[in-house]
S.K.: 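Just passing along the structure, written as structure tokens.
Naming convention: chains lettered A, B, ... in sequence-line order (proteins, then strands); numbering from 1 in each chain.
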Protein chains: 2
Amino acid sequence: MEHTPIACSHHDHNHCISDALEAARQLCLGRGVRLTDLRLQVLELIWQNHKPLGAYTLMEMLAKANTRRVAPPTVYRALDFLLEQGLIHRINVLNAFIGCPSPTTKHQSHFLICRACGIAIELNQPELSQQIIGVARDAGFAVETQSLEVSGLCANCAGNTEHSEHRHE
Amino acid sequence: MEHTPIACSHHDHNHCISDALEAARQLCLGRGVRLTDLRLQVLELIWQNHKPLGAYTLMEMLAKANTRRVAPPTVYRALDFLLEQGLIHRINVLNAFIGCPSPTTKHQSHFLICRACGIAIELNQPELSQQIIGVARDAGFAVETQSLEVSGLCANCAGNTEHSEHRHE
DNA sequence: GGCGGCTATGTTACTCTATAACCTATCATC
DNA sequence: GATGATAGGTTATAGAGTAACATAGCCGCC
Ligand SMILES: [Zn+2]
Ligand SMILES: [Zn+2]
Ligand SMILES: [Zn+2]
Ligand SMILES: [Zn+2]
């Protein structure tokens, strides 16, 4: 049952972006929280590809887009909001953030991260979450959040490894 | 098959420490790498309990123990060595380090982390590693390393939650 | 024993990541 | 349009990690 993830295959990424932004608008509307210009802008920047972006990278992008200085708290507050609403995930191993393709359904943070091209693929495996909860319960542990970060090579990069190991863009 | 982990139960922790240090000595001897005084000292400090310690906390402890200033590179180099040899793991979600109770057997980094008492319990579940590898393979992804960090409440703290939610020592 | 290369540690300076504290602007509601 | 609440701007600082270079031990060899 091999199935190449969207992030790894050629696809119309504008579609990913518009879907994500529209989903965010609906979700915030439904919850009565404010998806302000800044927050939307940060979300859009995060979605510009399937690679996690650091807060300071986002800060520079914001500064460039708005042609004025943007300070860390500004971007961190937007990121905190997006994290709270489940619109993005934090990739701890990279100190970076990536958009969530299914923010409406509650789920844990499970990612495959390619060390060659930098892509992060979000898994959708409720059974895995359940198994982890089970293992934890056997140890008397009550799970609140899960972070699974698997590093390696994605389908694209695994094939090209011998030729070009270290490209980052 | 409930089984309270050692880290969570009353136990002779000096035994944990001496076991870990002796295992480290043997392992380094066998591999022909040098477990220097500094590296051993850092490992011992890390093992002083079952809670992950940050690099800067370790730095202060080192400075106190040696009654002289210790700079970041000193402790980071020791940590790098211990990580390479598999004697410790890094807990990404905490930016902290914890001793590995089974450094001789190759395995992934799977932890339960109690947000109340700060303890980190290392799981020993090869089946879980295998399942993760399988899920990744279905996405065409070649796994190199895994980091599973589950946050919640340990057996001890889950019972006491209503009384004292936020004790850290 | 003394030389030369290698590994480990010391030292300084810096980068990157994140937050505290305080102030101002905007929004919603009455 | 006053009032309270939320969002964003600003400054400063904390926390985590690394680069670059100097020094000190260690080891094998002559
Ligand atoms: Zn998600
Ligand atoms: Zn890739
Ligand atoms: Zn381990
Ligand atoms: Zn606990």
S.K.: What are the two closest non-hydrogen atoms of Phe141(B) and Cys154(A), and how far apart are they?
M.R.: CD1-CA, 3.5 Å
S.K.: Has Asp12(A) got more than 12 heavy atoms of other residues, nucleotides or ligands less than 6.0 Å from its CG?
M.R.: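 Atom CG in Asp12(A) is crowded, with more than 12 foreign heavy atoms closer than 6.0 Å.
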S.K.: Scan Gln146(B), His89(B), Glu149(B), Gln125(B) and name whichever one has a side chain to side chain donor-acceptor pair (under 3.5 Å) with His110(B).
M.R.: Gln146(B)
S.K.: From the options dC27(C), dC26(D), dT9(C), select the nucleotide whose nearest atom is closest to the side chain of Arg34(A).
M.R.: dC27(C)
S.K.: Tell me the interatomic distance from Leu83(A), atom CG, to dT19(C), atom P, rounded to whole angstroms.
M.R.: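 The answer, rounded to whole Å, is 10 Å.
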S.K.: Can you tell me which nucleotide in dT17(C), dT18(D), dT12(C) comes closest to the side chain of Tyr76(A)?
M.R.: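 Of dT17(C), dT18(D), dT12(C), dT17(C) is nearest to the side chain of Tyr76(A).
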S.K.: Measure the distance from CG on Asp80(B) to P on dA16(D) and round it to the nearest whole Å.
M.R.: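 Between P of dA16(D) and CG of Asp80(B): 16 Å.
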S.K.: If you only use heavy atoms from C-beta on, which nucleotide in dT12(C), dT9(C), dG9(D) is closest to the side chain of Arg69(B)?
M.R.: dT12(C)
S.K.: Gln48(A) and Glu44(A): side chain to side chain donor-acceptor pair (under 3.5 Å), yes or no, with the steps?
M.R.: CA-CA 6 Å; Gln48(A) 81 168 203; Glu44(A) 189 169 5; over 6 Å; no
S.K.: Between C1' on dT17(C) and CG on Leu94(B), what's the gap in Å once rounded to a whole number?
M.R.: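 The answer, rounded to whole Å, is 16 Å.
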S.K.: Please compare Thr74(A) and Phe97(B) by the position of their nearest nucleotide in DNA chain D and report the one closer to 5'.
M.R.: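 The residue closer to the strand's 5' end, by nearest nucleotide, is Thr74(A).
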S.K.: Base, sugar-phosphate, or nothing for Arg77(A), non-hydrogen atoms under 4.0 angstrom?
M.R.: base
S.K.: Roughly, in whole Å, what's the span from CG in Asn66(A) to P in dT10(D)?
M.R.: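 Between P of dT10(D) and CG of Asn66(A): 12 Å.
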S.K.: Which comes earlier along DNA chain D counting from the 5' end, the contact point of Ala96(B) or that of Val33(A), where each point is its nearest nucleotide?
M.R.: Val33(A)
S.K.: I want to verify a distance call: between dT12(C), dC27(C), dT19(C), whose nearest atom is closest to the Pro73(A) side chain?
M.R.: dT19(C)
S.K.: Between atom CG in Leu35(B) and atom P in dG25(D), what is the gap in whole Å?
M.R.: 19 Å
S.K.: Would you mind reading off the distance between Gln41(B) atom CD and dT9(C) atom P, rounded to a whole angstrom?
M.R.: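 In whole Å, dT9(C) P and Gln41(B) CD are 11 Å from each other.
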S.K.: Whole angstroms only, please: what is the CZ-C1' distance between Arg68(B) and dA24(D)?
M.R.: 12 Å
S.K.: Side-chain contact, heavy-atom cut-off 4.5 Å: Leu148(B) with Leu128(B)?
M.R.: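 Leu148(B) reaches Leu128(B) side chain to side chain.
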S.K.: What is the distance from CG of Leu38(A) to P of dT24(C), rounded to the nearest Å?
M.R.: 20 Å
